[in-house]
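See structure below.
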2 protein chains.
Amino acid sequence: MTEILDSTVDPQGACYNIAAVERDTGLSKDTLRVWERRYGFPKPQRDQHDERLYSLPDLEKLRLLRLLIDYGHRPGKIINRSTAELSQLVSARTPDQSPPPEIAAIIELLLQHDVDQFRNALLQALMKQGLLRFVTETVAGLNHWIGEAWLAGRVPVFDEHLYSEHIQNILRNAIIAQPGRGSGPRVLLTSLPGEKHRIGLLMVEAVLTAEGAACVALGTETPIIDIKDAVPAYRVDVVALSFSSAITQTAALSGLAELRTLLPAGVEVWGGGGALARARKAAPGVLLLRSFDDLRYALERWRVEHALR
Amino acid sequence: MTEILDSTVDPQGACYNIAAVERDTGLSKDTLRVWERRYGFPKPQRDQHDERLYSLPDLEKLRLLRLLIDYGHRPGKIINRSTAELSQLVSARTPDQSPPPEIAAIIELLLQHDVDQFRNALLQALMKQGLLRFVTETVAGLNHWIGEAWLAGRVPVFDEHLYSEHIQNILRNAIIAQPGRGSGPRVLLTSLPGEKHRIGLLMVEAVLTAEGAACVALGTETPIIDIKDAVPAYRVDVVALSFSSAITQTAALSGLAELRTLLPAGVEVWGGGGALARARKAAPGVLLLRSFDDLRYALERWRVEHALR
DNA sequence: CTCAGTCATTTGTCTTAGACATTATAAGGA
DNA sequence: TCCTTATAATGTCTAAGACAAATGACTGAG
């Protein structure tokens with residue numbers, strides 16, 4: 001009898017095949033193989049058919065490497081350091097050691113696994129701050145700090161899953177409770193295939209809805225061609241795409257440019273999210289939003305431009 | 001002067017490199033190359049460095065192929081037919097019956113792309129029927145018929161995305177509005193890696209919450225090992241897994257069996273969803289739920305058994 | 001002292017063909 | 001009709017090499 005369903009995990013050695021590592025670290029199979037060839041890491045075991053089997057420590061080191069590379073380190077410079085050294089580099093990178101107390105308190109509740117109290121804390125923050133501040137301060141902060149802590153291994157996977165679910169509940173609840181739209185544009189909101197992060201998308205939807213735009217939210221991973229077809233069907237004025245840092249900046253920019261060529265000139269293309277936070281410039285006709293302030297400003301600009309006509 | 005930013009698109013021939021095709025069709029690069037080698041399609045042009053450049057017609061045929069393969073056709077049987085023939089195959093897939101009128105009316109609103117009216121129709125159905133009937137009748141029916149129509153090509157991808165988002169909004173809104181829990185068990189609710197369907201999970205959460213159970217929802221795709229760790233952390237009484245028909249029955253059953261061996265005997269394991277609708281029996285200690293009635297019955301049985309002790 | 005341009009190095013992605021595990025279909029037997 | 005077994009189908013993995021895009025170091029000019 002063999003492990004059928006989860007062929008990616010070997011319970012004894014906790015070994016992962018290359019597809020599982022690609023999924024869990026975001027590093028492509030090609031990259032993993034070429035790192036092994038060039039730098040000698042990761043050097044996984046092989047199964048009976050010479051296929052790679054990565055260990056859990058390998059996986060953790062790869063995650064740290066990915067983070068540090070996102071921060072600007074070069075792979076060749078750091079790949080042969082120990083996991084401990086890499087952890088140090090990560091924590092050295094965050095000088096403002098601890099999250100603000102109100103964020104820390106909520107994370108603490110999450111780590112104590114008290115579902116009801118955790119939910120109530122989020123709801124209270126929402127009531128107290130209002131939707132806009134809740135999204136741009138509390139949720140953004142929680143995303144950042146929980147992400148950090150997860151990378152450092154201080155937050156288990158299942159807690160992160162629970163966090164994501166509850167934030168979705170609360171944001172969707174808040175969005176549905178918004179009053180009808182004002183004078184804003186119709187904004188089609190989605191992400192491209194490969195980009196699975198939903199929270200960023202919901203945060204944008206919350207802000208846009210609060211500011212009076214009419215959102216057509218398609219969730220994550222809509223193929224480009226289907227976005228093209230959706231634009232005339234829903235008569236949208238703007239297509240906004242979200243790219244989390246799980247995707248490379250190049251991929252995000254090329255997706256935006258491709259979409260731009262497929263859409264009529266009257267429809268604007270906006271892109272935002274972690275992957276684009278450090279991008280310098282995009283293709284002509286593509287607007288980069290590096291913060292929620294940028295988003296609100298873009299909305300305001302749209303209003304002005306379209307009121308004059 | 002060259003196209004700097006967007007290496008994926010050649011405006012003249014509308015040519016896409018292999019990475020763009022992978023992203024847009026969901027077919028892996030390996031699959032694209034092996035199809036070319038074995039079947040002679042797609043046979044893309046090459047750029048000056050012998051790299052593949054796919055045309056837009058290729059892309060459209062690939063999407064049709066993907067659709068038909070999802071439906072159950074074999075690649076080798078259909079890959080050499082013309083795009084027109086494939087379209088015919090798609091539309092030849094006619095429904096055995098037509099949906100009941102109240103379902104058909106809502107689908108009609110979706111197809112007319114009137115977001116507000118569509119949302120209102122769903123909300124009205126919820127108000128009129130109450131959460132339980134809304135989930136077990138309206139949402140279940142919509143899932144089924146929209147799935148059918150999507151396979152037949154009568155519902156565009158983006159409409160199906162929009163449907164999914166709105167159902168999520170409404171279900172999560174209803175769940176959060178439920179009163180606190182009664183005397184039911186604590187149920188950990190999630191799916192295994194590879195199973196991405198969220199709506200089924202939310203439907204179960206809605207029913208369980210309405211019946212007084214306390215749900216710990218982890219969203220989709222929680223690795224088995226992390227489920228094991230979550231059970232003591234959240235002190236749950238039951239682990240319920242959802243398997244849509246996107247996964248094979250064998251895979252679902254083996255996942256349930258593996259989880260059963262990892263959990264203490266006092267914790268129950270329940271499995272349900274389309275993939276298990278026709279399953280005969282599961283591993284010992286695993287409860288199969290083939291309908292929402294089964295789910296409510298299982299909950300009642302748990303209450304009785306644990307009240308006696 | 002800053003800015004822009006050139007060159008060298010690093011790094012990720014694409015290429016090839018072959019091997020094989022996994023899944024689906026068909027055929028045979030209870 | 002259902003279950004088991006054989007055969008065909010299909011997708012993913014492997015290898016090393018090639019090269020473009022991205023980055024860093026260096027230079028010279030304003």
Side-chain angles (χ1 to χ4, degrees), chain A residues 2-8 16-23 25-39 41 44-54 62 65-66 68-80 247-251 253-254 257 278-281, chain B residues 2-8 16-23 25-39 41 44-54 62 65-66 68-80 194 246-251 254 278-281:
Chain A
T2 54
E3 313 292 329
I4 300 169
L5 183 100
D6 201 355
S7 61
T8 63
Y16 303 83
N17 66 23
I18 196 169
V21 177
E22 175 182 48
R23 188 193 57 206
T25 66
L27 298 163
S28 79
K29 294 169 191 164
D30 274 323
T31 301
L32 290 166
R33 288 194 273 254
V34 96
W35 280 9
E36 181 180 344
R37 200 197 315 166
R38 289 203 186 123
Y39 313 117
F41 179 87
Q45 295 186 296
R46 300 302 182 116
D47 68 3
Q48 70 273 20
H49 280 288
D50 234 34
E51 306 202 344
R52 293 169 173 79
L53 286 180
Y54 295 84
L62 286 170
L65 285 169
R66 173 78 206 270
L68 288 166
I69 290 166
D70 284 346
Y71 278 165
H73 287 81
R74 309 293 309 269
K77 303 277 181 187
I78 55 174
I79 198 166
N80 280 317
I247 271 188
T248 68
Q249 180 177 305
T250 328
L253 289 173
S254 110
R278 283 192 210 84
R280 299 189 168 261
K281 59 174 186 177
Chain B
T2 54
E3 311 294 326
I4 301 169
L5 252 158
D6 193 0
S7 60
T8 65
Y16 303 83
N17 67 22
I18 196 168
V21 176
E22 175 181 47
R23 186 192 54 205
T25 65
L27 298 163
S28 78
K29 294 167 192 164
D30 274 323
T31 301
L32 290 166
R33 293 193 194 105
V34 93
W35 280 9
E36 182 180 342
R37 200 197 317 170
R38 289 208 184 118
Y39 312 118
F41 178 86
Q45 295 185 299
R46 301 301 182 113
D47 68 4
Q48 69 274 19
H49 282 290
D50 235 33
E51 307 201 343
R52 293 171 173 78
L53 286 180
Y54 295 83
L62 286 170
L65 286 169
R66 175 79 203 265
L68 288 164
I69 289 166
D70 282 348
Y71 172 67
H73 286 82
R74 308 295 309 268
K77 304 276 183 187
I78 54 174
I79 198 166
N80 280 317
I247 270 188
T248 68
Q249 180 178 305
T250 332
S254 106
R278 283 193 213 85
R280 303 196 160 252
K281 59 172 185 177

Inset, instruction - Answer yes or no: does a side-chain N or O of B:Arg74 lie under 4.0 Å from OP1 or OP2 of C:dA24? - result: no

Inset, instruction - Return no unless some side-chain N or O of A:Tyr39 is found under 4.0 Å from OP1 or OP2 of C:dT11. - result: yes

Legend entry - Separation of atom CG in A:Asn17 from atom P in D:dT12, rounded to whole Å: 11 Å

Legend entry - Atom CD of A:Gln45: over 12 foreign heavy atoms under 6.0 Å: no

Legend entry - CA sep, side-chain torsions, deciding dist, call: A:Leu65, A:Ile78, side-chain contact (heavy atoms from CB on, under 4.5 Å): CA-CA 8 Å; A:Leu65 285 169; A:Ile78 55 174; 3.7 Å; yes

Legend entry - Side-chain donor/acceptor contact of B:Arg38 with base of D:dG11 under 3.5 Å: yes

Inset, instruction - Please report, rounded to the nearest Å, how far the C1' atom of C:dT10 is from the CD1 atom of A:Ile69. - result: 12 Å

Inset, instruction - Supply the atom-to-atom distance A:Lys77 NZ to A:Ile69 CD1, rounded to the nearest 0.5 angstrom. - result: 13.5 Å

Inset, instruction - Nearest 0.5 Å please: distance from the CZ atom of B:Arg66 over to the OG1 atom of B:Thr31. - result: 9.5 Å

Legend entry - Closest nucleotide among D:dA9, C:dG12, C:dA17 to the B:Arg37 side chain: C:dA17

Legend entry - Whole-Å gap separating P (D:dT14) and OH (A:Tyr54): 7 Å

Legend entry - Those residues of residues 25-32 of chain B lying under 4.0 Å from DNA chain C by at least one heavy atom: B:Lys29

Legend entry - Nearest to side-chain heavy atoms of B:Val34, which nucleotide of C:dT16, D:dG11, D:dA9: D:dG11

Inset, instruction - Return the value, rounded to whole Å, for the distance between atom CD of B:Glu36 and atom P of C:dA17. - result: 10 Å

Legend entry - Whole angstrom value for the distance that separates P of C:dT22 from CG of A:Asp47: 9 Å

Inset, instruction - Name the nucleic acid region contacted by B:Arg52, choosing base, sugar-phosphate or nothing; use a 4.0 angstrom heavy-atom cut-off, strictly under. - result: sugar-phosphate

Inset, instruction - Return the value, rounded to whole Å, for the distance between atom CG of B:Asn80 and atom P of D:dA9. - result: 14 Å

Inset, instruction - State, yes or no, whether a side-chain contact exists between A:Glu51 and A:Arg46 at a heavy-atom distance under 4.5 Å. - result: no

Legend entry - Interatomic distance where NE2 belongs to B:His73 and P belongs to D:dT10 [whole Å]: 12 Å

Legend entry - Upstream residue (5' side of DNA chain C) when A:Glu51 and B:Arg46 are each assigned their closest nucleotide: B:Arg46

Legend entry - Qualifying residues under side-chain contact (heavy atoms from CB on, under 4.5 Å), relative to B:Arg38, sequence neighbours excluded: B:Val34

Inset, instruction - To the nearest Å, give me how far apart CD1 (B:Ile79) and P (D:dT10) are. - result: 9 Å

Inset, instruction - Drop me the distance from B:Ile79's CD1 to B:Arg74's CZ, to the nearest 0.5 angstrom. - result: 12.5 Å

